[in-house]
Amino acid sequence: MIQEGDRILLGLSGGKDSLALLAVLKYMQRHSPVKFELAACTIDPEIPGFDPSPLKQWVAEKMGIPYFYEAEDLVALANAHMKGNSFCSFCARQKRGKLYTVCRREGYNVLALAQHLDDLAESFIMSAFNAGELRTMKAHYLNNEKDIRIIRPFVRVRENQTRDFARSAELPVIPDNCPACYAKPQERQRMKELLLAEEKHNKHLYANLWTAMQPLIADDNHAGEAELS
């Protein structure tokens, strides 16, 4: 996923997953023979009860990387423009657009996102249940404008692993990463609970879902034309 000379921007929400990925990428930057630049960007949704601003000092003092902080009232945008009942999906799309803007403005060619295997499985089941389609997040692909590569280095990592790592590394996780989600209809949370309940009866569930999703995860979004090696 990471190539010589890449300039990588990490979407840093302040949750356990993105903080864990930042720590891992920083370690790789120090020790990998593949040389790359690393920066992070936080999109502050300006939601009451959620304040990611303490990340500013932590990133500056502990990580020593360029850091960009963008703020936008996503609840107001959702109330004005959201179609359907998934605030999480709307918020994710808006944040992605802002991250693309920062990548282009600051000259980063790779956007790193911290979704893990649980996220991919939930997206897969939601798509099948609600849209009658077989879709999930891709691990490594080129955006539609063909100017930014998106990578998800944690696609084989379970959520409990990022949680344990964040705790053991004493990462400054922002509590209640998105409290607005708890006040909006949340299909993803329902799928999470469904899958975790099923895993109690089938310990191979996520391994089987990983295998089933392979053709979807590997799709480079451009019929093999994108140079993603």
Side-chain angles (χ1 to χ4, degrees), residues 1-47 49-72 74 91-92 94-117 119 137 139-143 147-179 228-229:
M1 291 185 182
I2 298 175
Q3 302 172 11
E4 185 74 27
D6 275 345
R7 303 191 74 229
I8 300 173
L9 181 73
L10 167 68
L12 184 67
S13 69
K16 64 188 185 312
D17 306 323
S18 61
L19 284 166
L21 182 56
L22 177 57
V24 169
L25 289 177
K26 184 63 179 178
Y27 179 87
M28 288 181 60
Q29 187 184 42
R30 292 191 184 113
H31 300 283
S32 172
V34 177
K35 302 305 178 186
F36 61 91
E37 296 181 42
L38 178 63
C41 178
T42 294
I43 309 299
D44 182 350
E46 299 186 339
I47 295 171
F50 174 56
D51 179 18
S53 61
L55 292 171
K56 296 177 182 178
Q57 182 176 356
W58 182 80
V59 172
E61 293 180 356
K62 299 294 185 181
M63 294 290 105
I65 62 172
Y67 183 52
F68 309 99
Y69 193 92
E70 308 283 326
E72 186 165 6
L74 294 185
C91 183
Q94 293 298 317
K95 287 182 177 180
R96 181 73 59 84
K98 294 285 286 186
L99 290 170
Y100 284 166
T101 296
V102 174
C103 281
R104 292 173 179 129
R105 186 186 74 207
E106 305 295 338
Y108 290 89
N109 68 310
V110 178
L111 175 61
L113 302 173
Q115 285 91 2
H116 42 63
L117 180 55
D119 290 323
M137 304 171 191
H140 183 193
Y141 66 101
L142 199 63
N143 68 337
D147 63 340
I148 299 170
R149 281 190 293 118
I150 295 87
I151 62 173
R152 292 187 169 97
F154 276 177
V155 289
R156 298 198 68 171
V157 176
R158 291 297 307 275
E159 183 174 14
N160 59 357
Q161 293 176 302
T162 65
R163 183 183 299 112
D164 291 346
F165 177 80
R167 185 182 299 115
S168 65
E170 299 182 344
L171 299 178
V173 176
I174 305 297
D176 296 326
N177 184 248
C178 189
L228 300 178
S229 60

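Hydrogens, waters and symmetry mates are skipped; everything else that's a heavy atom, side chains included, is used.
- Rounded to the nearest 0.5 angstrom, L171 CG and L21 CG are separated by 11.0 Å.
- The distance from the NZ atom of K16 to the CG atom of D164 is 10.5 Å, given to the nearest 0.5 Å.
- Across L25, V110, I2, a single residue satisfies side chain to side chain contact (heavy atoms under 4.5 Å, CB included) together with L38, and that is L25.
- Using a 4.5 Å heavy-atom threshold, the side chains of L55 and L19 count as touching.
- Side chain of R104 to main chain of D147: no donor-acceptor pair is present (N/O by atom type, distance under 3.5 Å, no hydrogens or angles).
- Across S13 and P52, no two heavy atoms sit closer than the pair O-CB, 4.2 Å.
- When every heavy atom of G64 is checked against every heavy atom of K26, the shortest pair comes out as O-NZ, 4.2 Å.
- Residues L22 and I65 are in side-chain contact: their nearest non-hydrogen atoms beyond the backbone lie under 4.5 Å apart.
- Among all heavy-atom pairs drawn from C41 and E70, the shortest one is SG-CG, 4.0 Å.
- One finds the CG atom of L12 at 7.0 Å from the CH2 atom of W58 (value rounded to the nearest 0.5 Å).
- Within the 4.5 Å cutoff, the side chain of F68 has no heavy atoms near those of the L99 side chain.
- Side-chain atoms of R163 never come within 3.5 Å of backbone atoms of R158 as a donor-acceptor pair (strictly under, hydrogens ignored).
- Atom CG of L10 sits about 11.5 Å away from atom OH of Y108, to the nearest 0.5 Å.
- Shortest non-hydrogen contact noted between S53 and D51 is OG-OD1, 2.6 Å.
- For A20 against F165, the heavy-atom pair with the smallest separation is CB-CD2, 3.6 Å.
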R149 and D6: CA distance, side-chain angles, deciding distance, side-chain contact (heavy atoms from CB on, under 4.5 Å) verdict: CA-CA 10 Å; R149 281 190 293 118; D6 275 345; 2.6 Å; yes
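- The distance from atom NE2 of H140 to atom CD1 of I151, rounded to the nearest 0.5 Å, is 7.0 Å.
- Checking side-chain atoms of E4 against main-chain N and O of K35 turns up a donor-acceptor pair under 3.5 Å.
- Relative orientation of the Y69 and Y67 rings is perpendicular, given thresholds of 30° and 60° on the angle between their planes.
- Note on D119 versus R152: no salt bridge recorded, every NZ/NE/NH1/NH2 to OD/OE distance being 4.0 Å or above.
- In terms of modelled atom types and a separation under 3.5 Å, the side chain of N143 and the main chain of I148 share a donor-acceptor contact.
- Using a 4.5 Å heavy-atom threshold, the side chains of L9 and E106 count as separate.
- Closest heavy-atom contact between Q161 and R156: OE1-O, 4.5 Å.
- Of the possible donor and acceptor atoms, none in the side chain of S32 sits under 3.5 Å from a partner among the backbone N and O of Q29.
- With values rounded to the nearest 0.5 angstrom, E159 atom CD is found 12.0 Å from F154 atom CZ.
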